[in-house]
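Data block below; observations after.
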Amino acid sequence: MQCSEIREMLSLYLDDVLDQKDRAKVEGHLKTCGTCRQELEDLQETVRLIRSLGEVAPPENFRKELMSKLREAPVPVGKSLKSRIAPIGSWLSGGWRSGTWRYAAAAVIIVGIGIGAGIYQLNQTNLLIGQSSELARNNELYNTDNSSNKMAAPARDEFGDSSLTYRINKDIPEEASNSDKIAATKRGVGKASEANQAGDTGVSDESAAAALPEAAPEGITVQGIVENKVKEKSVQKIVKEANLGLEVENYQNFSSKLLAVTEQYDGYIENSSENLNSEASASFIIRVPNEQFPKLIADLEKLGKVTTKQVSGKDVTGEFVDAESRLRNYRAQELRLLGLIEKAENLSEVVTLENELSRVRGEIETLQGRLNVLEDTVVYSTIRLDVIQASKPEVTPPEGTVGKAISNFKESCIALINFIGNIVTFTGWILPWVLFIGATGGSVVYYRRTKQKRDDK
Amino acid sequence: MNQKSDSVLVDLARRGDIDAFEQLIARYESRVFTIAYRYTGNYADASDLAQEAFIRVYRSISSFRGDSSLLTWLTRVVTNVCKDELRRRAKQKIVSIEEMAEKGQVSEAEPRQKPLEEEVLAKEWQEEVQQILGSLTHEHRVVIVMRDVQGYSYEEIAGFLECSLGTVKSRLNRARQILKNKLLTRNELLIGQVGHGH
């Protein structure tokens, strides 16, 4: 059990909201780990301190002010407050009337534009005899719903040249075969040192004590590797990492969704930094259980426009096995040293052995730490997420309709100009026919008239 | 007069008796104000927000059914008002409370040679804690105040913040860790100064 994992739960332990299994885990760990016990005490102290904060008396004129606000206008909000709590104030009081007008005006404009667009489209389809493909594309864009149009059009344009990178490290099998080779070479060494060791055991205890630190670890390490080689094939340890860049429409919306999605896959946000200026941006380090990794990435991609993506996997099986077996080695060595210390005959021997023992124990701790880190990175994959809010200003609710109407108006103007252009080109196209038909008709009429005149005569 | 129960006063207020509501204000203003103060860290903002909470409650008092106590309702309202305000500020990034608090902390941390009698110390320490609380990000501060000042359950906090239980758990854990570290460093600093002072 790792301290970091326990610390994640201490706050919950404090509030007694852990389930029984986790609570047992924490309690078990606390019995053995002084650091975490201290951590818990400090946390308890913190919470106690916050809880002990007393009441603060409101300023003297608090009630007077409040009562005058209440008396003055029971329904609308008082003045000073309105400026401070602007959104609520404007929505509830003055905003209503002008708002109605705004919406009414917007509705009129939209209906007008709708009719205009209808007529435009009717004309377009009538006119579209042998027209250029450019016009057809225009029409298609116009056909799509306006709001989605705005988003879809730039997205489609930028997608082509955005630096969309998708790279999965293909070197997983390569590395595995590498470690195979290493293991193979070590196996050779292993046999040699095993023989070495067999020779060593013949020597007296005293000299073995001196030789042991050098010879023993290698011999047992290699054995460990050979043993673990079998296991390795069944359990591959792969560290997965992803770098993801997203562009989102609305950061505030995004961040709440991000939390929900992360939670959904049992992940957590290890680190985050947010910059909430007009162009909000943020970066997160998200840890998620390995098996949920692809799912979370897929869901994250849905939250915005992917600008960069890079997924990589690194096989740390070799490193893992290596650390594990070295650890086992040192443990064995520790035991042997303890045995030797008991048998030691003079003080200097004891001192040497003790020194050796503390060195070995140091190694054990380092290795254990390394293993913990490895285990953690293997169980939890890492996603580095960079988010920026699309620089396009967000459409605010009250102005949104009007803004939309304005942009619609602009588009309609363009459409009108196109329409006029089309009439002109159509006129150009139809003119020869008009002239031809006119000429033919004219000559027929002329012929008939002259004929009639002759007949009359 | 003061012995009238909440429900009687609420009934009166519902029928337009504003004086009855004033009695209710007198009864709960400290609690409501304290909550607002813990969230905002300054008197002016806390006043405005606490008043806003009372005004909201007054406006919709006719809809109060008495399923829960008035105090519960009031604290819920003031919590929502404060939470929304903090979120709005974080979004707008007007001079952030965090920054202000941090600046205040730095300038105040250097010259501190006041007499450290226990009472003063206790009061100062409270202010100190409040200041450190104010130096947290608004998200962290909100969960701490909800949980450790107001004593809401994890589920209730999730309801307020419209987020998942897991989010509340991890955020509260994170917030407490940060708070703890800040308090520890502050505490050591203080103890160090006490030692020098004597």
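Below, each value reflects all heavy atoms present in this structure, side chains not excepted, and no hydrogens, waters or symmetry copies. All chains are named by letter (A, B, ...) in the order of the sequence lines, taking the proteins before the strands, and each is independently numbered beginning at 1.
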| task | Examine whether an atom of B:Leu133 lies under 4.5 Å from a heavy atom of chain A, and if so say whether it belongs to the side chain, the backbone or both; otherwise answer neither. | result | side chain
| Side-chain donor-acceptor contact under 3.5 Å, A:Gln38 with A:Asp42 | yes
| If you count heavy-atom pairs under 4.5 Å with chain B, which of A:Ala260, A:Ala57, A:Pro58 comes out on top? | A:Pro58
| query | Is chain B contacted by the side chain of A:Ser52, its backbone, both, or neither, given a heavy-atom distance below 4.5 Å? | reply | backbone
| message | As an exercise: rank A:Gln264, A:Glu39, A:Arg48, A:Glu45 by heavy-atom pairs under 4.5 Å with chain B and give me the winner. | response | A:Glu39
| remark: So, the part of B:Thr167 with a heavy atom under 4.5 Å from chain A: the answer is both
| field | Region of A:Glu263 that comes under 4.5 Å of a non-hydrogen atom in chain B | value | side chain
| task | Please say whether more than 12 non-hydrogen atoms of neighbouring residues, nucleotides or ligands are located less than 6.0 Å from CZ in A:Arg287. | result | yes
| note | Ranking B:Arg31, B:Lys169, B:Glu22, B:Glu162 by heavy-atom pairs under 4.5 Å to chain A gives rank one to B:Glu22
| query | Does a side chain donor of either B:Asp6 or B:Tyr28 reach within less than 3.5 Å of an acceptor in the other side chain? | reply | yes
| field | Option that, when pairs with chain B are counted at under 4.5 Å, heavy atom only, ranks first among A:Leu14, A:Leu10, A:Ile50 | value | A:Ile50
| request: Examine whether an atom of B:Ser30 lies under 4.5 Å from a heavy atom of chain A, and if so say whether it belongs to the side chain, the backbone or both; otherwise answer neither. | output: both
| Ion pair check, A:Glu41 and A:Arg37, cut-off under 4.0 Å | no
| remark: Okay, A:Tyr268 and chain B: the region with an atom under 4.5 Å from a heavy atom over there is neither
| said: Assess whether a salt bridge exists between B:Asp84 and B:Arg87, defined as any Lys/Arg side-chain N lying under 4.0 Å from an Asp/Glu carboxylate O. | reply: no
| query | B:Ala36 versus chain A, heavy atoms under 4.5 Å apart: side chain, backbone, both or neither? | reply | neither
| message | Any carboxylate oxygen within less than 4.0 angstrom of a Lys/Arg side-chain nitrogen, looking at A:Arg51 and A:Asp15? | response | yes
| field | Heavy-atom contact with chain B under 4.5 Å, split by part of A:Glu8 | value | both
| Which atoms of B:Gln150 come close to chain A, meaning under 4.5 Å heavy atom to heavy atom: side chain ones, backbone ones, both, or neither? | neither
| Ionic contact status for B:Glu85 with B:Arg89, cut-off 4.0 Å | yes
| Salt bridge check: are B:Asp19 and A:Arg71 linked by an N-O gap of less than 4.0 Å? | yes
